[in-house]
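Before any comments, here is the structure.
Throughout, protein chains are lettered first and strands after them, A, B, ... in sequence-line order, and every chain is numbered starting at 1.
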2 protein chains.
Amino acid sequence: MATNQTTQPKTRERILEAALDVFADEGFNGTTITEIERRVGLAAGTGSLYRHFPSKEALLRAAVEREVKLRRAEMEQARAELQAISDPLERRTQEFKQMLRDIRRFDRLYRLMLNEGDRVPELREAIWSALQTPVREQPTEQDAITAIAMAALGGYHLFSIMQGRPFNNVSQDQFIRTLIALVDSARPTEPTSSQ
Amino acid sequence: MATNQTTQPKTRERILEAALDVFADEGFNGTTITEIERRVGLAAGTGSLYRHFPSKEALLRAAVEREVKLRRAEMEQARAELQAISDPLERRTQEFKQMLRDIRRFDRLYRLMLNEGDRVPELREAIWSALQTPVREQPTEQDAITAIAMAALGGYHLFSIMQGRPFNNVSQDQFIRTLIALVDSARPTEPTSSQ
DNA sequence: GTCTATACCAAGATAGAC
DNA sequence: GTCTATCTTGGTATAGAC
């Protein structure tokens, strides 16, 4: 540990970061070791990368594992900060914004899960447990509403990517504002303070 | 045309159908001509397929074009039948079910659009125009609600695929029923007949 | 219009010098 | 721990016989 000072042992990290980017963008088969080497600054085309990882598969798994850990930590951090908000409406707004941010944060992992889910099965469980979605055998009406909110935000995210602009030109703020109105109209348990 | 009777000229069609399946499942790079040949019943590994299509790219485009045309026809057919329903609640239920069916119908195209959108840019426009989503510069509150419903259904579909079961165990019926309740509570313009 | 054979190349991976 | 060189495989695509 103390031996390596100037030459940061960061190469491995940079490989993992670049790898996840390329995997998410190009898929497993579309990703070439050469491209990753190029991005990291290693001589492209040489197998220099194999001094760090034994195979392309192993690289994918390591990259996914690292990404899950990082994003998860970020999310928990951000959620803790949410607890401070007292105003119900504001709190709800921030909750949904947070959910959307979480989804975006997980974007690279989502795309990987959609495409390479079979290649890294643990990925599925890791993601859903990280998002802490309540899964019951017999979901209540409340669970269904929560599922709708999540699905709406997830769909909004993906459709926006597909359209290359905010989905149907509905801005994030308008989307969340309207979604809150819908959800709260069905669950008037917690009346908003101001209004 | 009249020359070819017994040996159905269907080979081309079967290639297109198989190709879209493989492209959607494995992505462009993950798809091999060999695999498609195998599925169609041609000798695998030989370039027999190239008697029908000049290149892998051309095959992808042809397969997408055909799929768009087929699904679109299906959808228009199904929509026409919807007009007959008079009861508002029933009509709405069928509308949403229809929307979900449309989304599922387009599943292979969606996945392709997500992954190979850049390779077949026309695909994007074709899909969204087929779904007839209203896109305004300044979406109204009503547009936002429509967007939420579509996003929710789309998200439900994709998340269900990701989880490999109905999303969070919320069944399709429960999801749609709850979604209708939400949407209609915000738009009490059209009161449900029975209730 | 389907097969055999094959050219060609990109990419994963390894050995060994420095 | 990075480079040079190289092996090997698998996949696109073509030529030509039947």
Side-chain angles (χ1 to χ4, degrees), chain A residues 1-64 112 115-116 118-120, chain B residues 1-64 112 115-116 118-120:
Chain A
M1 288 194 174
T3 19
N4 214 335
Q5 291 148 350
T6 33
T7 317
Q8 340 88 315
K10 282 196 290 185
T11 302
R12 187 190 159 90
E13 286 296 301
R14 300 199 352 267
I15 290 179
L16 287 171
E17 180 62 22
L20 197 85
D21 263 338
V22 187
F23 280 135
D25 284 349
E26 313 289 340
F28 184 79
N29 290 299
T31 298
T32 67
I33 300 294
T34 301
E35 171 62 19
I36 298 176
E37 285 174 337
R38 180 163 22 241
R39 292 198 185 197
V40 174
L42 294 175
T46 92
S48 297
L49 188 148
Y50 289 99
R51 292 284 160 173
H52 301 269
F53 300 93
S55 73
K56 196 179 171 183
E57 275 256 356
L59 174 60
L60 171 65
R61 292 169 168 284
V64 164
L112 272 176
N115 304 323
E116 317 292 344
D118 295 335
R119 212 181 299 269
V120 195
Chain B
M1 285 199 177
T3 20
N4 216 334
Q5 290 149 349
T6 35
T7 317
Q8 338 89 316
K10 282 198 288 186
T11 302
R12 187 189 158 92
E13 286 296 301
R14 300 196 355 265
I15 290 179
L16 287 172
E17 181 62 22
L20 197 85
D21 262 338
V22 187
F23 280 136
D25 284 350
E26 313 288 341
F28 184 79
N29 290 299
T31 297
T32 68
I33 300 294
T34 301
E35 171 63 17
I36 298 176
E37 285 173 336
R38 180 163 22 242
R39 295 198 183 196
V40 175
L42 294 175
T46 91
S48 297
L49 188 148
Y50 288 100
R51 292 283 160 173
H52 300 269
F53 300 93
S55 73
K56 197 179 169 183
E57 275 256 356
L59 173 59
L60 172 65
R61 292 170 168 283
V64 164
L112 271 176
N115 304 323
E116 317 293 345
D118 295 336
R119 211 180 300 268
V120 194

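Rounding to whole angstrom units, NE2 of residue B:H52 and C1' of C:dG1 are separated by 6 Å. For the pair B:K10 NZ and C:dG1 P, the computed distance is 15 Å after rounding to whole Å. Separating the CZ atom of A:R14 from the C1' atom of D:dT2 is a distance of 13 Å, rounded to the nearest angstrom. Distance, A:R38 CZ to D:dC3 P: 13 Å, rounded to whole Å. Distance CD (A:E35) to P (C:dA10): 15 Å, rounded to an integer number of Å. The separation between A:L42 atom CG and C:dG12 atom C1' is 16 Å, rounded to whole Å.
For B:D25, the side-chain hydrogen bond (donor to acceptor under 3.5 Å, both in side chains) partners are B:R111, not counting sequence neighbours. Listed by chain and number, the residues in a salt bridge (Lys or Arg N to Asp or Glu O under 4.0 Å) with B:E26 amount to none (sequence neighbours excluded). In this structure B:N29 satisfies the side-chain hydrogen bond (donor to acceptor under 3.5 Å, both in side chains) test with no other residue, sequence neighbours excluded. A:E37 is linked by a side-chain hydrogen bond (donor to acceptor under 3.5 Å, both in side chains) to nothing, counting only residues two or more places apart in sequence or in another chain. With sequence neighbours left out, B:F53 forms a ring pair (Phe, Tyr, Trp, His ring centres under 6.0 Å) with no residue at all.
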* Asked: Could you run down nucleotides 12-18 of chain D 5' to 3' and tag each one B, S or - for protein heavy-atom contact under 4.0 Å?
  -> SBB-B--
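Residues B:R119 and B:F28 are in side-chain contact: their nearest non-hydrogen atoms beyond the backbone lie under 4.5 Å apart.
Listed by first and then second residue, the ring-ring contact (aromatic ring centres under 6.0 Å, His included) pairs involving residues 29-48 of chain A amount to none (not counting sequence neighbours). Within the structure, side chain to side chain donor-acceptor pair (under 3.5 Å) pairs that include any residue of residues 47-58 of chain A comprise A:T46-A:S48 (at least two apart or interchain).
Residues from residues 18-26 of chain A with heavy atoms under 4.0 angstrom of DNA chain D: there are none.
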